[in-house]
Amino acid sequence: MRRSRAFIPTTKESPSDAVLASHIYLARAGFVTQVSAGLYNFLPLGKRVLTKIQNIVNEEMERAGAQEVDLSFVTPSELWEESGRLNKFGKELLRFKDRKNNDFVLGPTHEEMMVNLVKNRITSYKQLPINLYQIKTKFRDEARPRFGLMRGREFLMKDAYSFHATTEDLNREFETMEATYKRILERLDLDFRIVEADSGAIGGSGSKELMVIADSGEDTIAVCSKCEYGANVETATRGIRKDTTELKNYNSVRSVVKRLHFEEEDKIVLFFLRACDELQEVKAVNSLGALDISDLEEAELEKLGLTDESLAPLNLENIEYVFDRALQEAEDLNNIDLSTLNEPLYYDIYSVQEGDACPECSAPMTFTKGIEVGHIFKLGTTYSKALKAEFLNEKGQGTPFEMGTYGMGISRLVASVIEQNHDEKGCVWTKETAPYMVNIMVSNIKDEEQMALGEKLYTQFQDAGVEVVLDDRKDRFGFKMKDAELIGFPYTLIIGKELVNGNVQIFERATCDKEESSVETVYETLIGKIS
RNA sequence: CGGGGUGUAGCUCAGUAUGGUUAGAGUACCUGGUUUGGGACCAGGGGGCCGAAGGUUCGAGUCCUUUCACCCCGACCA
């Protein structure tokens, strides 16, 4: 591409609403522009990066035996009614009517559509397993879109759905997908962790998130300092505490009162934990299978006599009691006797704290922030049952599909790469994500020798299949360098004042080092660096 | 959805407390010239429904009412 012809509108100043590095630099360097809250245009550079990531995903999915499809973006509401998610999804689901007054939604995820596609087409266990995926624009009408591409309303996501005859086979595919995701993120050169996660409202059993490590991440994850263990704090567990004597309030109990919301009703619940622990709200919600959790009003607390900090009484009416599992084995709890209760409910409801022992190897765990770029989980038969999608097993019996689902945020990955790879000058693209690998910068285009060499090398690289830009603009050296640094080409070949001595320079973006090279050898040298 | 903030040139922002020439700067853009190793300089030029609607006034970017959009904190987020 000739820079003089390229549509790459770079700016010196960043848009006033950009906060994250990825948002600032992607906007300043002309990769994306904002259209409206959570909506972005991808310009030529941004589109190239998107395509690169898509290609990697496609290659790895193909390798894992998955097949690509492309389902319609606009989906009829009936399917969502059948699965019961029309109400569950709430306002995030954008609904509208067509001219014939039929109800439709814009797909925020495609479980319903994918099940519907397979239903009555895959009819025998002999046709299983199968893994279908697409890379497709999704729309979720987020209450508060933010962080540029990180939390947009419209975004590009790869979503895969696998169908199996048995849970054993689902487990096998789940592992294959985990390995596939690992390969993808490794190829993208990202620092990441695969962590245990909450399954959320979609339902299902096993669930893992792929977290790109970054301070700007919206999730907090607990990771082991020694082994591979990592988990979202929403679900993280810990090993046995050794130095309990050091823990303040280890042998006393505290209570936390919350309101749990269920589909039909609300319940007031008292949660009991060791006084040194905090309640983990997601675990609390899951303990009784609720939909949501909230605090009580002051007046309500007063009415129940739960205003002071002391332990709540154990005999209130119309209130559920849930105890943390750690209390089950507790011997001495400062004379509080829980054995008077009949059949107390014990669940894992504590929140892991920094420094707690890893459940796998007992080494201390640390907290870090992560960007959720992927989420894989085992759905089981939740959707196949709801949508009556069945196949015939060996005995000729109708059986709902065992399903798995595997999502990966493509546009979010673009932003993640920059969150991890940038400096105060701009973007630093990795080899697999760079929109162009080499930028040939002619310092002074009026210098015929410089320009001739630029043209020659440009053709040479193009012929070799290298993605190359020729900066042939009538601008000064400093301006063009700043521009190249902002965009983040991995290598800029500088043809300038050293040419009279037969030399050019190779500027490496990641290190900002300039390396002298002779005109004769520079092509070979650069080819060596990029391959 | 609760709390706060901002809408003026492509972009970043002055101007609004106290209404009054033709609405400004920087940057970007166009023309000519100079310059050519770190976002150059000189001269000239184009570009605005001052978010929208209504009102007060002789007169509104500025005051009043309504409304829309965007951003931040929180709630929410398969």
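Letters A, B, ... are given to chains in the order of the sequence lines, protein chains preceding strands, and every chain is numbered from 1.
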Between [options], which nucleotide gets closest to the side-chain atoms of [X]?
X        : options                : value
A:Lys482 : B:rG39, B:rG37, B:rU12 : B:rG39
A:Arg476 : B:rG38, B:rC70, B:rA40 : B:rA40
A:Glu142 : B:rC71, B:rC77, B:rC13 : B:rC77
A:Gln505 : B:rC70, B:rU12, B:rG37 : B:rG37
A:Ala143 : B:rC72, B:rA75, B:rG37 : B:rA75
A:Arg144 : B:rC73, B:rC71, B:rG37 : B:rC73

Taking OP1 and OP2 of [N], is either one under 4.0 Å from a side-chain nitrogen or oxygen of [X]?
X       : N      : result
A:Gln34 : B:rC71 : yes
A:Ser14 : B:rC11 : no
A:Ser16 : B:rU12 : yes

Can you check the distance between [N] and [M], where both ends of the measurement are the [atom1] atom (answer in whole Å)?
N      : M      : atom1 : result
B:rU57 : B:rA75 : P     : 48 Å
B:rC71 : B:rG24 : P     : 31 Å
B:rG48 : B:rG37 : C1'   : 39 Å
B:rU12 : B:rC70 : C1'   : 16 Å
B:rG39 : B:rA52 : C1'   : 38 Å
B:rG38 : B:rG51 : P     : 42 Å
B:rU16 : B:rG20 : C1'   : 14 Å
B:rU62 : B:rA17 : P     : 10 Å

Nucleotide paired to [N] in any strand shown, Watson-Crick or G-U, under 3.5 Å:
N      : answer
B:rA69 : B:rU6
B:rC29 : B:rG45
B:rU35 : none
B:rA60 : none

Distance check needed: [N] [atom2] versus [X] [atom1], whole Å only.
X        : N      : atom1 : atom2 : value
A:Lys480 : B:rG39 : NZ    : P     : 14 Å
A:His23  : B:rC72 : NE2   : C1'   : 13 Å
A:Phe147 : B:rC72 : CZ    : P     : 7 Å
A:Leu486 : B:rG38 : CG    : C1'   : 14 Å
A:Phe139 : B:rC77 : CZ    : C1'   : 14 Å
A:Ile445 : B:rU35 : CD1   : C1'   : 13 Å
A:Arg85  : B:rC77 : CZ    : C1'   : 14 Å
A:Glu498 : B:rU36 : CD    : C1'   : 15 Å

- Message: Is B:rA53 syn or anti, taking syn as a glycosidic angle within 90° of 0?
- Response: anti

With a 3.5 Å cut-off and just heavy-atom distances, do the side chain of [X] and the base of [N] make a donor-acceptor pair?
X        : N      : result
A:Arg28  : B:rG39 : yes
A:Lys12  : B:rU12 : no
A:Arg151 : B:rC77 : yes
A:Lys514 : B:rG38 : yes
A:Glu13  : B:rG39 : no

- Query: Between the side chains of A:His422 and A:Ser22, does any donor sit under 3.5 Å from an acceptor?
  - Reply: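 Distance-only check fails for A:His422 and A:Ser22.
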
Give one of base, sugar-phosphate or nothing for [X], where a contact means two heavy atoms less than 4.0 Å apart.
X        : result
A:Pro9   : nothing
A:Asp483 : base
A:Met150 : nothing
A:Asn444 : base
A:Glu485 : base
A:Ser294 : nothing
A:Lys474 : base

Lys/Arg-Asp/Glu bridge criterion (N-O < 4.0 Å) met for [X], [Y]:
X        : Y        : value
A:Asp475 : A:Lys480 : no
A:Arg2   : A:Glu455 : yes
A:Arg95  : A:Asp103 : no

- Compute both the distance and the angle, then confirm whether A:Arg48 meets the cation-pi test with A:Tyr436: under 6.0 Å from the six-membered ring centre, within 45 degrees of the axis. yes

- Honestly, is A:Lys258 close enough over A:Phe271, meaning NZ or CZ under 6.0 Å from the six-membered ring centre and within 45° of the axis?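 Checked: cation-pi criterion not met.
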
- Task: Look at the aromatic rings of A:Trp429 and A:Phe31 and report parallel, tilted or perpendicular, splitting at 30° and 60°.
- Result: tilted

- Name the orientation class of the two ring planes belonging to A:Phe96 and A:Phe104 (parallel below 30°, tilted from 30 to 60°, perpendicular beyond 60°). parallel

- Of A:Thr10 and A:Ala37, whose nearest nucleotide on RNA chain B comes first from the 5' end? A:Thr10

- Is there a donor-acceptor pair under 3.5 Å between the side chain of A:Glu142 and the backbone N or O of A:Arg144? no

- Aromatic-base stack, A:Phe479 on B:rG39, cutoff 5.5 Å, angle under 30: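 According to the criterion (under 5.5 Å, under 30°), no, A:Phe479 does not stack.
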
